[in-house]
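A short write-up of the structure that comes next.
The sequence lines fix the lettering, A, B, ..., with proteins before strands; numbering per chain opens at 1.
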Amino acid sequence: MQERYTPAEIEQAAQQYWEQNKVFKAHDHDPREKYYCLSMFPYPSGRLHMGHVRNYTIGDVIARYQRMQGKNVMQPMGWDAFGLPAENAAMQNKVPPAKWTYDNIAYMRNQLKSLGFGYDWERELATCDPNYYRWEQWLFTRLFQKGLIYKKSGVVNWDPVDQTVLANEQVIDGRGWRSGAPIERREIPMYYFRITAYAEELLAGLDRLPGWPEQVKAMQRNWIGKSRGMEVHFPYADGSDVLKVFTTRPDTLMGVTYVAVATEHPLAAKAAANNPKLRSFIEECKKGGVTEAEIATQEKKGMATGEFVTHPFTGKKLPVWVANYVLMGYGEGAVMAVPAHDERDFEFATKYGLPVKAVIQLPDAALPQQFQSAYTEYGMLFNSGEFDGLDFEQAFDKMAVVLQTKKLGGPKIQFRLRDWGISRQRYWGCPIPIIHCAACGDVPVQDKDLPVALPEDIVPDGSGNPLAKLPAFYETQCPQCGKPARRETDTMDTFVESSWYYARFCSHDGVSGMVDERARYWLPVDQYIGGIEHAILHLLYARFFHKLIRDEGLVTGDEPFTKLLTQGMVLAETFYRTHANGKKDYFFPHDVAFERDAKGRTVTATLKSDGQAVKVGGIETMSKSKNNGVDPQELIAKYGADTARLFVMFAAPPEQSLEWSDAGVEGAYRFLKRLWVFAYEQGDRFEKQAGVNGSSAGPEALALRRDIHQILKQANYDFRKHQFNTVVSAAMKLLNTLERIPTETGARAYDELLHEGVSILLRLLAPITPHISHALWHELGFAGDITQAAWPEVDESALVQDEVELVVQVNGKLRGHITAASGANQADVQAAALADGNVKRYTEGKEIKKVVIVPGKLVNIVVG
RNA sequence: GCCCGGGUGGCGAAACUGGUAGACGCAAGGGACUUAAAAUCCCUCGGCCUAAACAGCCAUGCCGGUUCGAGUCCGGCCCCGGGCACCA
């Protein structure tokens, strides 16, 4: 055995061993219990970042832990390979997105291998591979025929200079990122997945996911946004039609003083036809991007249309306004406005001098019904004719009856969730398998013609979709009538690929279908791990897709992911100087030197190259623009993969954000060195060992053994809870304890204890730092391969103690410590507590009102 | 704007169901070893008061409440982060 810890050597040797022995190959047919552990696959951006390292270390720790629990583990890896960055890189470097993407995959695959992750590489897949996306196109044609995919118009960001559609990310402060031109909202035809058909099931399914974080389920529930309310019809003044609105507050119906419609509403368009002022107002409202955040924070603006509707109960005329805060995508694209009882309506009515009519009584009825702001609580109705005196529920029921009688609406369940628009006017994505025929309409591509292959040698130029300029791609014949027809040139949202890859890993090489019978063995995924930023969209779409392919008869079960772990972001300190023009220059942390005071606080930070001060900018997410990203490659080169893995697991619990610390990395490295040296120095004592029973051991050895098993018990608990930071801390404590075992006595009990303790420590660490664990397991002569070793078990008999220490409180304040026999009765414990010298000081001469005893923990004496 | 999280020493954090706040580690200070440095090892380490204390007081973002007892439960507020449907 080597005296020095040499991570580069032992890591390469361990990785070679795993590869040659196919240790991580997942077996499709195996009598052991299956365990499918999946980490969200990366976008092949070029290099791994620390977020990846963290995500995949967590996944690998769980997978290796489960393998040691005796399970048949599958942990695959692949590439979310379509997407916008490849097109941007292509424009910059004049390289086709396909080449750029495949080169990146090759590089990043090596990075993942150098970190020692236990993937079954035979199952690797990339979503830009026609063998992958052909099944997505196949599913598309099925869903299209079932009506679960349909076409309608949708709103996009339009750059009027570049004449192209922009992603939200490409709109900065309302302007195109390349052209700088103000963006407009524009409507274009798009294909939609009818996710709303599954809204009820997607919502109800959350209650059957006990292994998901409450936080994520809450976000999804709110996103789906089921609400019970009323559809109310306001007849047009000329009687030609009705204006439909949805409201969750029908009890305020008698307080409606106007109605407002979205700028895209047909009524707005009709009114604008012979009203130039209104027309230009609507045009004005189209400025800016499409994100909800932007729309919700913009100044509320509106204009009267000159049109009127009538109140369904009173028949009174109400003006119709166009308002920029009404969303066409939610409900009917129109709202009834009750300024007295809705904040937004109140603000709008105040601004435009519209009337405010109160119909809900304030709790104190004597207060004047004058408004500084809307009163939005529930209450008793007044000013509401036949509904006066009713509460919310009563008013709801009675109004429902009246509306239904008049055929002007009724109760309705409304969802906030909208159908999923998947058309993208981009090149580097999965082609939509539709052919447009002048005679037959939109015709799906036939199975025999799939895949619709994306040409891979194209360099986009930033002006619209290259596929639309490629006759060789779009010129085709109608599958139905055979006449010349045009192929759809839009591609799919890349969220579509990532919605079903988890299923394809089970049958990665299947040629008979999207997934095959192997998926029924492996699914659902037992543990899914990924960033919290995916809490809603990706995870909701994947749940939706699982139900779609279930309903195609391809998989069984209703949910794709049994347990979910959402890991926090990786942050690092930032350093910058501000230019005179306000622009900031960010400096790489390694180029900054610090001066600290006696308490270790940073006093000054200076740039190493010029010695001048830089500003400390606080802790932010690692990013290129902030220049604070730490390259995993440098870390591996300097310390090895085990140190990188140990640090990311130790620095914070998985769900929390993790602050990068170079010093912390040093600490992790130091621990591994200490472990290696300890094993080297004690190695010769391992040959003497036999079975362990500890029977001949003295009290000191028994106490050490109790500590060891106490630590193991805590570590096992933390492993189950996925609190890996405290598992690492337990491993450190364990090494500290083992170092306390006397070495010079020659007593056999200590050798046995050492052997037992080290075997526990190596197995605890094996999932986290697999290379050093692998090497020491062999070096110290333990049998077999540690990746398959049985998980250590706690010997409960080792934990038994004769005496326990109790704390004594007086009125909840700590005043003393006593020791008591483990099984001591309450009276004895109380007597011992009252006899404590310091406790006496606080109890003497006072009435003892009550004594609370928590067995094995504390005594609290309450005095008057 | 809306939804969801988080806030504990100089720093990352720990504290199981409401029961000793600060485990484990980092940084810092002191010491040993060394020609020296690195590495390694030992000691100290929330604040105040104190000669010192296993004597006391304060302390888990802020204000208030429940309880024998609150970092943990409840109400209100402040700050920071994630998401908001075309970044992935």
Side-chain angles (χ1 to χ4, degrees), chain A residues 40 42-43 45 80 83-85 154 156-157 165-171 213-216 218-219 221-223 225 290-298 325 329 344 417-418 420-426 493-495 498 531-538 540-541 566 568-569 571 596-602 618-621 650-653 655-668 670-671 673-674 677 714 717-718 721 723 725-726 728-733 736 805-814 816-817 838 841 849-852 854 857-858 860-863:
Chain A
M40 290 182 187
Y43 177 77
S45 56
D80 188 14
L84 199 54
V156 294
N157 301 304
V165 175
L166 296 183
N168 287 339
E169 189 192 48
Q170 298 171 311
V171 179
E214 281 307 322
Q215 171 195 5
V216 173
M219 282 193 261
R221 266 184 210 109
N222 292 331
W223 186 262
V290 299
T291 69
E292 192 185 303
E294 199 169 330
I295 290 163
T297 51
Q298 73 192 353
Y325 69 85
R344 227 169 26 180
L417 182 69
R418 311 201 290 263
W420 175 16
I422 54 103
S423 294
R424 298 289 180 270
Q425 299 67 47
R426 300 241 166 71
D493 181 357
T494 57
F495 269 126
S498 55
I532 184 66
E533 66 273 20
H534 296 291
I536 298 177
L537 291 179
H538 163 62
L540 190 65
Y541 292 151
T566 49
M569 317 280 282
L571 316 174
R596 298 185 200 278
D597 66 10
K599 296 244 167 177
R601 281 176 290 219
T602 303
I619 310 283
E620 304 195 51
T621 56
F650 181 52
E655 280 92 353
Q656 265 179 47
S657 55
L658 182 155
E659 288 180 33
W660 192 257
S661 151
D662 287 330
V665 176
E666 287 278 357
R670 201 174 301 154
F671 170 73
K673 270 195 294 191
R674 239 179 76 210
V677 169
Q714 182 66 48
Y717 177 82
D718 290 339
K721 285 187 70 180
Q723 293 201 2
N725 56 326
T726 48
V728 174
S729 139
M732 290 170 167
K733 281 184 202 171
N736 290 344
E805 185 175 83
L806 300 178
V807 297
V808 185
Q809 298 179 331
V810 179
N811 286 348
K813 287 200 180 264
L814 177 65
H817 299 259
N838 199 43
R841 286 179 46 198
K849 289 184 165 172
K850 190 173 170 183
V851 177
V852 181
V854 182
K857 287 234 157 136
L858 65 65
N860 187 16
I861 300 156
V862 186
V863 295

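Across all strands, A:Thr297 comes closer than 4.0 Å to base atoms (heavy-atom distances). If you check every strand for non-hydrogen atoms under 4.0 Å, A:Tyr325 touches nothing. Within 4.0 Å (heavy atoms only), A:Val165 reaches at least one base atom of the nucleic acid. Nucleic acid contact for A:Gly421: sugar-phosphate only, since backbone atoms but no base atoms lie under 4.0 Å from a heavy atom of the residue. At a threshold of 4.0 angstrom between heavy atoms, the contacts of A:Arg344 with the nucleic acid are absent. Contacts of A:Ser498 with the nucleic acid, taken as non-hydrogen atoms under 4.0 Å apart, are absent.
The same atom, C1', is picked in B:C54 and in B:C41; the two are 28 Å apart, to the nearest Å. Between the P atoms of B:G7 and B:G61, the separation comes to 8 Å (whole Å). Rounded to whole Å, the P atom of B:G22 lies 15 Å from the corresponding atom of B:A55. Rounded to whole Å, the P atom of B:G71 lies 9 Å from the corresponding atom of B:A21. Taking the P atom of each, B:A70 and B:A59 are spaced 11 Å apart, rounded to whole Å. For the C1' atoms, the distance linking B:G9 with B:U44 amounts to 15 Å, nearest Å. B:A23 and B:U60 are spaced 16 Å apart, taking the C1' atom of each and rounding to whole Å. Comparing the C1' positions of B:C45 and B:C11 gives a spacing of 13 Å, expressed to the nearest Å.
Atom pair A:Met219:CE and B:G5:C1' shows a separation of 7 Å (rounding to whole Å applied). Between the CG atom of A:Asp493 and the P atom of B:A88 there is a distance of 7 Å, rounded to whole Å. Atom NE2 of A:His534 and atom C1' of B:C84 are 15 Å apart (whole Å). Taking atom CG of A:Leu417 as the reference point, atom P of B:C3 lies 18 Å away to the nearest angstrom. Taking atom CG of residue A:Asp718 and atom C1' of nucleotide B:C16, one finds them 9 Å apart after rounding to whole Å. One atom, CD of A:Glu294, and another, P of B:C84, lie 14 Å apart when rounded to the nearest Å. Rounded to an integer number of Å, the gap from CG of A:Asn860 to P of B:G19 is 13 Å. In this structure, A:Gln215 places its CD atom 6 Å from P of B:G5, rounding to the nearest Å.
In this structure, the salt bridge (Lys or Arg N to Asp or Glu O under 4.0 Å) partners of A:Arg674, at least two apart in sequence or on a different chain, are A:Glu739. For A:Gln298, the side chain to side chain donor-acceptor pair (under 3.5 Å) criterion is met by no residue, not counting sequence neighbours. Partners of A:Val807 by side-chain contact (heavy atoms from CB on, under 4.5 Å), not counting sequence neighbours, listed by chain and number: A:Leu814, A:His817, A:Leu858. When the side-chain contact (heavy atoms from CB on, under 4.5 Å) test is applied to A:Gln425, the partners found at least two apart in sequence or on another chain are A:Val165, A:Ile188, A:Ser423, A:Asp490. For A:Trp223, there are no ring pair (Phe, Tyr, Trp, His ring centres under 6.0 Å) partners, not counting sequence neighbours. The side chain to side chain donor-acceptor pair (under 3.5 Å) check on A:Arg670 picks up nothing, with sequence neighbours excluded. With sequence neighbours left out, A:Tyr541 forms a ring pair (Phe, Tyr, Trp, His ring centres under 6.0 Å) with A:Trp420, A:Phe495.
Here B:A88 is the nucleotide among B:A88, B:G19, B:A14 with the atom lying nearest to any side-chain atom of A:Leu537. For A:Ala293, whose side chain is taken as the heavy atoms from C-beta onward, the closest listed nucleotide among B:A88, B:G1, B:C16 is B:G1.
With hydrogens and angles disregarded, no donor-acceptor distance shorter than 3.5 Å links the side chain of A:Asp80 to the backbone of A:Pro42. Without hydrogens or angle criteria, A:Asn157 side chain to A:Leu166 main chain gives a donor-acceptor distance under 3.5 Å. Side-chain atoms of A:Gln170 come within 3.5 Å of backbone N or O of A:Ala167 as a donor-acceptor pair. A:Asp718 contributes no side-chain N or O that, together with a main-chain N or O of A:Asn725, makes up a donor-acceptor pair within less than 3.5 Å. Of the possible donor and acceptor atoms, none in the side chain of A:Thr726 sits under 3.5 Å from a partner among the backbone N and O of A:Ser729.
Residue-to-nucleotide proximity on RNA chain B shows that, of A:Pro653 and A:Val854, the 5′-proximal contact is made by A:Pro653. Annotation: of the two residues near RNA chain B, A:Ala296 and A:Met569, the 5′-most nearest-nucleotide partner is A:Ala296.
Put simply, the side chain of A:Val862 reaches to within 4.5 Å of the side chain of A:Asn811, judged on heavy atoms.
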Practice task
Mark up nucleotides 20-25 of chain B, 5' to 3', with B wherever a protein heavy atom is under 4.0 angstrom from a base atom, S wherever such an atom reaches only the sugar-phosphate, and - elsewhere.
Solution key: B--BBS
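Contact of A:Glu292 with B:C2 (side chain to base): no donor-acceptor pair of N or O atoms is detected under 3.5 Å. A donor and an acceptor atom sit less than 3.5 Å apart, one in the side chain of A:Arg426 and one in the base of B:C86.
Within the structure, a side-chain polar atom (N or O) of A:Gln723 is placed less than 4.0 Å from OP1 or OP2 of B:A15. Between B:G56 and A:Asn838, a contact under 4.0 Å exists linking OP1 or OP2 to a side-chain N or O. Regarding contacts with the backbone of B:A39, every side-chain N or O of A:Lys673 stays at 4.0 angstrom or more from both OP1 and OP2. Residue A:Asn222 places at least one side-chain N or O closer than 4.0 Å to OP1 or OP2 of B:C4. Close to B:C86, at under 4.0 Å from its OP1 or OP2, lies a side-chain N or O of A:Arg424. Proximity of A:Gln425 to the phosphate of B:C86: no side-chain N or O atom is located under 4.0 Å from OP1 or OP2. Close to B:G19, at under 4.0 Å from its OP1 or OP2, lies no side-chain N or O of A:Lys813.
Taking syn as a glycosidic angle within 90° of 0, B:G82 does not qualify and is anti.
Consecutive Watson-Crick or G-U pairing (both distances under 3.5 Å) extending over three or more pairs maps onto RNA chain B as B:1-7 with B:78-84, B:10-12 with B:24-26, B:28-32 with B:40-44, B:46-48 with B:56-58, B:61-65 with B:73-77.
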